[in-house]
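Residue numbering restarts at 1 for every chain, and letters A, B, ... go by the order of the sequence lines. In what follows, every heavy atom counts, from backbone to side chain, and hydrogens, waters and symmetry copies are set aside.
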There are 2 protein chains.
Amino acid sequence: MGSSTENFIQILKNAGVKPSIQRIKIYDFLWNNRTHPTIDSIFQVLVNEIPTLSKTTVYNTMKLFMEHQLVRMVTIDESEVRFDVVTQFHGHFKCEVCGKLMDVEIENPVLVNQAKLDFEVSEAHYYLKGICNECNNN
Amino acid sequence: MGSSTENFIQILKNAGVKPSIQRIKIYDFLWNNRTHPTIDSIFQVLVNEIPTLSKTTVYNTMKLFMEHQLVRMVTIDESEVRFDVVTQFHGHFKCEVCGKLMDVEIENPVLVNQAKLDFEVSEAHYYLKGICNECNNN
DNA sequence: TTACATATTTGTAATTATTATAAATTTGCA
DNA sequence: TGCAAATTTATAATAATTACAAATATGTAA
């Protein structure tokens, strides 16, 4: 554990984020649980490790992480903001039956002709909705 | 106006939605204002035409329209659910400075290898964030 | 046309996520 | 050790959405 904690501290520092205990634990959790968690699920798990943890801190930390490109916000359904520690471009699939959200490997879509010139792009997001195989087979 | 109202009634009927006055006016508004409006902006405009209009009706109607594939929900930023009357696949660009949301023509992205087999897709969404030319040039 | 059952709309209250705020705590440094 | 700045925390305020039940409108059978 010691060594990976060191790694997380370094990642935060490299991104320009001061590594407090809360921030390290939150980043650790995101790194090791690739479930695209919500604010609430992050809080529910970590309040066990840090009993004084406040949900406001989770909100503040995720906002800070986003500003420093450490995470990306995933908004597929209203009322369900999730976070992804993988910041490289990739797609998501959300099963409308079981609600699971999974990563999807896709080719980076190509803008058609003049559209490229009309703005400067900083982020691209792609997601699908449907029914996963597990839910289809029962 | 009479003739386009007839068209809207027909579109709703074809989709299996009973055409009440509220539903027709809301669909009319969406069709003629391609600004990806929010619930609130739809309500603010239409309450002038239908003084008794309730925001609950707008919520109910948009939910019904979604269930009947008449509109698509566009969720880019948390706390800002928008709606799009164009249901064919296309992308969106959101300017992070002025907040404008515009359509983007893109090639439909391709799933890579095995991903296709893992689920049944019903909807695909693609969006970009960045800065539009107008905001860049001032 | 009238009466009635059903669907739709409406207004209000309840719920929930998020943000604002200020006090308390922690941290790093002189 | 003492102090200033940053961070965390708890509480209150805000705002979007949903639940719910009453009121209204609609369509149909007699």
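- The aromatic rings of A:Phe65 and A:Tyr27 sit perpendicular to each other, their planes meeting at more than 60°, with 30° as the lower class boundary.
- Note: the hydrophobic cluster containing B:Val85 does not contain B:Leu101 (ILVMFWY, side chain heavy atoms under 4.5 Å, direct or indirect links).
- When rounded to the nearest whole Å, the span between CG of B:Leu64 and P of D:dT18 equals 14 Å.
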* What do the steps show when you test A:Val74 against A:Phe83 for side chain to side chain contact (heavy atoms under 4.5 Å, CB included), and what is the final call? -> CA-CA 6 Å; A:Val74 181; A:Phe83 295 92; over 6 Å; no

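- Here the C1' atom of nucleotide D:dT18 and the CE atom of B:Met62 are 17 Å apart, to the nearest Å.
- In terms of hydrophobic clustering, with Ile, Leu, Val, Met, Phe, Trp and Tyr side chains grouped at heavy-atom distances under 4.5 Å, B:Tyr127 and A:Phe119 are assigned to different clusters.
- B:Thr38 places no side-chain N or O within 3.5 Å of a backbone atom of B:Arg82 that could act as its donor or acceptor partner.
- For DNA chain C, the span of nucleotides reached by chain A at under 4.0 Å from its heavy atoms goes, 5' to 3', from C:dA17 to C:dT27.
- For B:Asp40, the salt bridge (charged side-chain N to carboxylate O under 4.0 Å, His left out) test picks out B:Lys55, with sequence neighbours left out.
- Rounded to whole angstrom, the span from the CG atom of B:Asp77 across to the C1' atom of D:dA16 amounts to 15 Å.
- Remark: C1' of D:dT17 and CZ of B:Phe43 are 14 Å apart, rounded to the nearest angstrom.
- Panel note: side chain B:Thr75, backbone A:Ile76; a donor-acceptor pair is recorded below 3.5 Å.
- In this structure, A:Leu12 atom CG and D:dA6 atom P are separated by 18 Å, rounded to whole Å.
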* Which parts of nucleotides 8-14 of chain D does protein reach within less than 4.0 Å, heavy atoms only, written one letter per nucleotide 5' to 3' as B for base, S for sugar-phosphate only and - for none? -> SBBB---

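- Looking at residues two or more places apart in sequence or on another chain, you find a side-chain contact (heavy atoms from CB on, under 4.5 Å) between B:Asn32 and B:Phe8, B:Asp28.
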Please list each protein N or O that sits under 3.5 Å from an N or O in nucleotides 21-24 of chain D, with the distance.
none

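- In summary, the side chains of B:His125 and B:Glu123 do present a donor paired with an acceptor at a separation below 3.5 Å, with no hydrogens or angles considered.
- Between A:His92 and A:His36, the two ring planes are perpendicular [angle over 60°; tilted spans 30° to 60°].
- Within the structure, side chain to side chain donor-acceptor pair (under 3.5 Å) pairs that include any residue of residues 58-70 of chain A do not occur (at least two apart or interchain).
- Rounded to whole Å, the distance from NZ on B:Lys18 to P on D:dT26 is 11 Å.
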